[in-house]
Structure formats: structure tokens, C-alpha cells
Amino acid sequence: MNYWLFKSEPRSYSIDDLARDTKTFWDGVRNYQARNFMRDDMHIGDRIFFYHSNADPSGIVGLAEVTSEAYPDQTAFDKMDHHYDPKSKKDNPAWYGVDIMFCKKFSRTISLEEIKNTSAVKDMLVARRGMRLSVMPVEEKHAMRILAMAS
DNA sequence: GCCAACGTTGGC
DNA sequence: GCCAACGTTGGC
């Protein structure tokens, strides 16, 4: 089982939205590296740290779980959709997503500042300067520490 | 709202 | 294939 971190702006889709929906398809990823993680390395049962970006404060707010292998992102085919991409064809999809399920909302936000100031987790990818990936792997040792910090 | 960082696009 | 221009992300 692998651990991941998904970023989302709470104004677009927050952990509370996921708690309400119980599950959702993670669409709209339009970065090749993030797509490759989902398509090639993500599997059912993997755990997801849900991260609020552009938030006050930004940070990890909860836990979700991958409930499907990656499959084509239909929003890429929809001209009316904000994430429409003419490069993605139904017989050769460019973009993929996975189904995720809500697990829990942490009792507190583990802010980016706290991550950067905690030696055991300060090397997490999400804390790296200029890191703009919206889907990224989390090392198991870091995942353990974050879970401990959240409880 | 500013702007640094970075990915993508497109002219050549 | 280079690289400048441009658009987006996301912390602050």
C-alpha cells in the first residue's frame, strides 16, 4: 500500500465536501507527472492525505482512500467543462483520475508551516519550494509521523 | 493581490 | 531542438 497527497483548494472542493459526498472521482488533473502517478502507481487501498491549498492555513486536513484503479477523465472530453482538453481523445485518453473515498477529517489542520518546522516531516515533497504537483507520493515514514501528529 | 516557480506552447 | 512568452499554481 502506498501513501499519497492530493491538493485541493477548499473553495473548489474541501474535505467537508468529500465528507458530504462520501466518495468522488478525482478529475481535472492536467499535469503529466501527476497523471502518471495516478495511472501507473496508484492502487485500490492506497491512502491519501487530503491537503488544502490556498487556504488559511494551507495544510493536511484529513484522510481518504483510493477505491479504483485509474480510468479516463471524462471531463477532458466535454467542451463545456472547465477542464476540457482537445488533445484527449476517447480512443486515446490523455487524462486519468481515480475514485476516492472519505476516511476521516483530522481534528486539526497540520499546516504547511508546522510540516516545515517539524524535523521528522520537513523533507516531505509538499514542503519543497516550488512544488506545484497536485498529486504526489508520501513516504511511509512521513505518513506515520503525520498520522501521529493528527491524533 | 503579488509574484516566484515551473510547465507548456509555439515561432524559428 | 532551443528558448522566450505565456499561463497556472499556490504561498504569502
Side-chain angles (χ1 to χ4, degrees), chain A residues 2-21 23-42 46-66 70-100 102-139 141-150:
Chain A
N2 293 313
Y3 291 92
W4 304 94
L5 184 146
F6 282 19
K7 285 181 187 171
S8 184
E9 299 201 16
R11 275 160 291 197
S12 310
Y13 196 82
S14 72
I15 188 76
D16 293 320
D17 293 324
L18 182 60
R20 178 199 63 213
D21 298 342
K23 55 191 167 75
T24 195
F25 175 69
W26 203 253
D27 62 19
V29 171
R30 296 293 179 269
N31 171 283
Y32 289 106
Q33 204 179 346
R35 177 207 64 186
N36 291 347
F37 283 137
M38 289 199 294
R39 191 190 58 187
D40 305 335
D41 302 325
M42 207 169 283
D46 285 0
R47 288 299 178 94
I48 300 162
F49 290 103
F50 201 97
Y51 179 94
H52 281 171
S53 60
N54 263 317
D56 187 22
S58 293
I60 298 171
V61 293
L63 206 58
E65 185 173 324
V66 177
Y71 59 98
D73 182 345
Q74 302 298 313
T75 65
F77 307 132
D78 180 359
K79 280 195 173 68
M80 293 297 105
D81 193 282
H82 182 245
H83 296 293
Y84 173 65
D85 183 354
K87 289 196 306 297
S88 190
K89 308 294 184 194
K90 289 204 170 173
D91 57 0
N92 185 21
W95 304 115
Y96 287 76
V98 294
D99 288 327
I100 73 170
F102 175 78
C103 292
K104 64 151 58 167
K105 181 180 177 180
F106 292 157
S107 55
R108 68 187 191 88
T109 297
I110 302 170
S111 71
L112 182 60
E113 183 186 21
E114 183 177 354
I115 291 168
K116 286 178 172 173
N117 289 330
T118 304
S119 59
V121 292
K122 69 174 169 44
D123 294 329
M124 288 179 74
L125 280 179
V126 72
R128 192 171 291 179
R129 198 165 68 110
M131 172 50 66
R132 299 190 314 168
L133 275 178
S134 61
V135 170
M136 68 182 84
V138 174
E139 290 181 44
K141 64 178 181 184
H142 291 148
M144 293 300 125
R145 296 303 294 237
I146 293 294
L147 291 172
M149 290 161 74

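Keep in mind it's a predicted model, so treat the numbers as computed, not measured. In the text below, chain A, chain B and the rest are named by the order of the sequence lines, each starting its count at 1.
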* Structure fact -> Expected string for nucleotides 2-11 of chain C under the B/S/- scheme (protein heavy atoms, under 4.0 Å, primed atoms plus P, OP1, OP2 as sugar-phosphate) is -----BBBBB
* Structure fact -> Heavy-atom nearest pair, A:G28 first then A:T75, reads N-OG1, 4.2 Å
* To do: Let me know the distance between CG of A:D56 and P of B:dG1, rounded to the nearest Å.
  => 16 Å
* To do: Drop me the distance from A:D73's CG to A:M38's CE, to the nearest 0.5 angstrom.
  => 7.5 Å
Result block: side-chain N/O donor-acceptor pairs under 3.5 angstrom for residues 119-126 of chain A, not counting sequence neighbours:
none

* To do: Output yes when a side-chain donor or acceptor of A:K105 lies under 3.5 Å from a complementary backbone atom of A:D16, and no otherwise.
  => no
* Over all heavy atoms of both residues, which pair between A:I115 and A:A127 is shortest? Give the atoms and the distance, please. => CG2-CB, 4.1 Å
* To do: Enter the inter-axis angle for the ends of the helix from B:dG1-C:dC12 to B:dC12-C:dG1 (five pairs per end, rounded to 10°).
  => 10°
* Of A:Y32 and A:R129, the one whose closest DNA chain B nucleotide lies more 5' -> A:R129
* Chi angles and distances behind the ring-ring contact (aromatic ring centres under 6.0 Å, His included) call for A:W95, A:Y71 -> CA-CA 8 Å; A:W95 304 115; A:Y71 59 98; over 10 Å; no
* Is the backbone of A:S14 close enough, under 3.5 Å, to the side chain of A:D17 for a donor and an acceptor to pair up by distance? -> yes
* Structure fact -> Shortest non-hydrogen pair, A:Y3 vs A:M144, comes out as OH-CE, 3.1 Å
